[in-house]
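Reviewing the structure listed below.
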Amino acid sequence: MRRFTVAVISLGLLAGSGCATPGSSRSPCEEPASASRAFPSSTLEDWVTYGDHAVVLRGVGELEQNGSEGVRLRRERTLWSREQAPAPPPAETFGGTHRRHDAAAAARDHQYLLIGTWWDDQQDGEPGWAHLELLAFDDGVVGRGSAGCRPRLSDPASGRTAVWGRTEAEVAGLLDRTPPDPDAVPFLALGPDERWQQLASTR
């Protein structure tokens, strides 16, 4: 069984939100592109090595049980999938008092590009949907719309830099043309964290 919960593994998602961290005046744009300790998640190679899908989501408003308005990010289509990857979840919900700061900028009627993977972070046999990156994607252009910090000039090799300003077709083409880390290929059947552990042990 796979659970449709959100596992945050990267501050790249927070930095992509365009919102300040609660209780802090620091701009998330100042945060590092990735803070994952489970597996790498910042470059295009990381995305195709440890990610499962690049999907287009749309913010859809709805009322939660407590009467507050939430935002459901509904999957509209998939731009890229890793070969033999499990299917992405049909939808994900952020809203009301349960809205997390990493997705606080998710808004109705806006599109987002999400790089995600299935990850059994609790080691309980039920992988959850984890985010490697979440970017504004209105009109099918990365960085356009609600949320989205610009790539840092000090990080020219990041996946965010590579896809910034690109269209759906260009993003899909980039991911299709980017090979996974060749040393990780023998471990692609493992979960992303196990994949990284096996790879790290060989280096």
Side-chain angles (χ1 to χ4, degrees), residues 4 6-20 27-29 31-36 41-62 69-82 85 87-95 99-118 129-153 155-178:
F4 296 155
V6 180
V8 179
I9 63 170
S10 170
L11 279 181
L13 195 162
L14 169 59
S17 74
C19 292
S27 168
C29 298
E31 300 288 351
S34 174
S36 170
S41 61
S42 63
T43 67
L44 280 179
E45 182 181 80
D46 293 340
W47 292 0
V48 301
T49 301
Y50 301 99
D52 285 332
H53 303 280
V55 299
V56 179
L57 307 175
R58 180 176 294 276
V60 180
E62 61 180 26
E69 185 177 7
V71 176
R72 176 179 292 276
L73 294 179
R74 177 181 297 163
R75 180 167 60 92
E76 293 190 326
R77 54 194 172 279
T78 301
L79 298 187
W80 169 87
S81 295
R82 182 176 61 83
E92 302 176 52
T93 302
F94 309 102
R99 180 177 296 176
R100 303 174 62 145
H101 64 261
D102 49 276
R108 287 187 300 171
D109 303 321
H110 285 280
Q111 288 180 304
Y112 301 90
L113 173 67
L114 181 144
I115 311 296
T117 192
W118 286 107
W129 184 236
H131 299 173
L132 279 69
E133 185 65 277
L134 178 68
L135 295 167
F137 201 53
D138 281 0
D139 303 319
V141 178
V142 178
R144 180 180 295 175
S146 172
C149 296
R150 291 186 174 278
R152 297 187 307 157
L153 295 178
D155 193 13
S158 72
R160 184 183 301 160
T161 299
V163 301
W164 196 262
R166 294 186 181 271
T167 65
E168 283 192 18
E170 291 172 329
V171 171
L174 274 174
L175 294 173
D176 283 337
R177 293 191 300 271
T178 301

Review point. Is V163 close to L44 at the side-chain level, that is, under 4.5 Å between some pair of heavy atoms?
Key: yes

Check your understanding: With T78, which residues qualify under side chain to side chain contact (heavy atoms under 4.5 Å, CB included), at least two apart?
Key -> H53, V55, R75, S81, P88

Review point. Is any side-chain heavy atom of L73 less than 4.5 Å from a side-chain heavy atom of L114?
Key: no

Study note, to complete from the structure: Heavy-atom nearest pair, D138 first then H110, reads OD2-ND1, 2.6 Å

Check your understanding: Shortest non-hydrogen contact from G51 to W80?
Key -> O-CH2, 3.9 Å

Identify each donor-acceptor pair in which a side-chain atom of residues 168-175 lies under 3.5 Å from a protein atom, sequence neighbours left out, and give them as a table.
| unit_1 | atom_1 | unit_2 | atom_2 | d |
| --- | --- | --- | --- | --- |
| E168 | OE1 | R77 | NE | 3.3 |
| E168 | OE2 | R77 | NE | 3.1 |
| E168 | OE2 | R77 | NH2 | 2.4 |
| E170 | OE1 | T167 | N | 2.9 |
| E170 | OE1 | T167 | OG1 | 3.4 |

Check your understanding: Okay, side chain of W47, backbone of S41: is any donor-acceptor separation there less than 3.5 Å?
Key -> yes

Point to revise | Contact summary for T49 and E45, nearest pair of heavy atoms | key: OG1-O, 2.6 Å

Exercise for review: Would you confirm whether D52, through its side chain, and W118, through its main-chain N or O, come within 3.5 Å as a donor-acceptor pair?
Suggested key: yes

Review point. Quick one: salt bridge (charged side-chain N to carboxylate O under 4.0 Å, His left out) partners of D46, sequence neighbours excluded?
Key: none

Exercise for review: Return the set of residues passing side chain to side chain contact (heavy atoms under 4.5 Å, CB included) with R58 (not counting sequence neighbours), or none when no residue passes.
Suggested key: E76, Q111

Check your understanding: Can you list the residues that meet the side chain to side chain donor-acceptor pair (under 3.5 Å) rule with T178, with sequence neighbours excluded?
Key -> none

Review point. Can any side-chain N or O of T117 pair as donor or acceptor with the backbone N or O of Y50 at less than 3.5 Å?
Key: yes

Check your understanding: Residues two or more places apart in sequence or in another chain: which of them pass side chain to side chain donor-acceptor pair (under 3.5 Å) with R166?
Key -> none

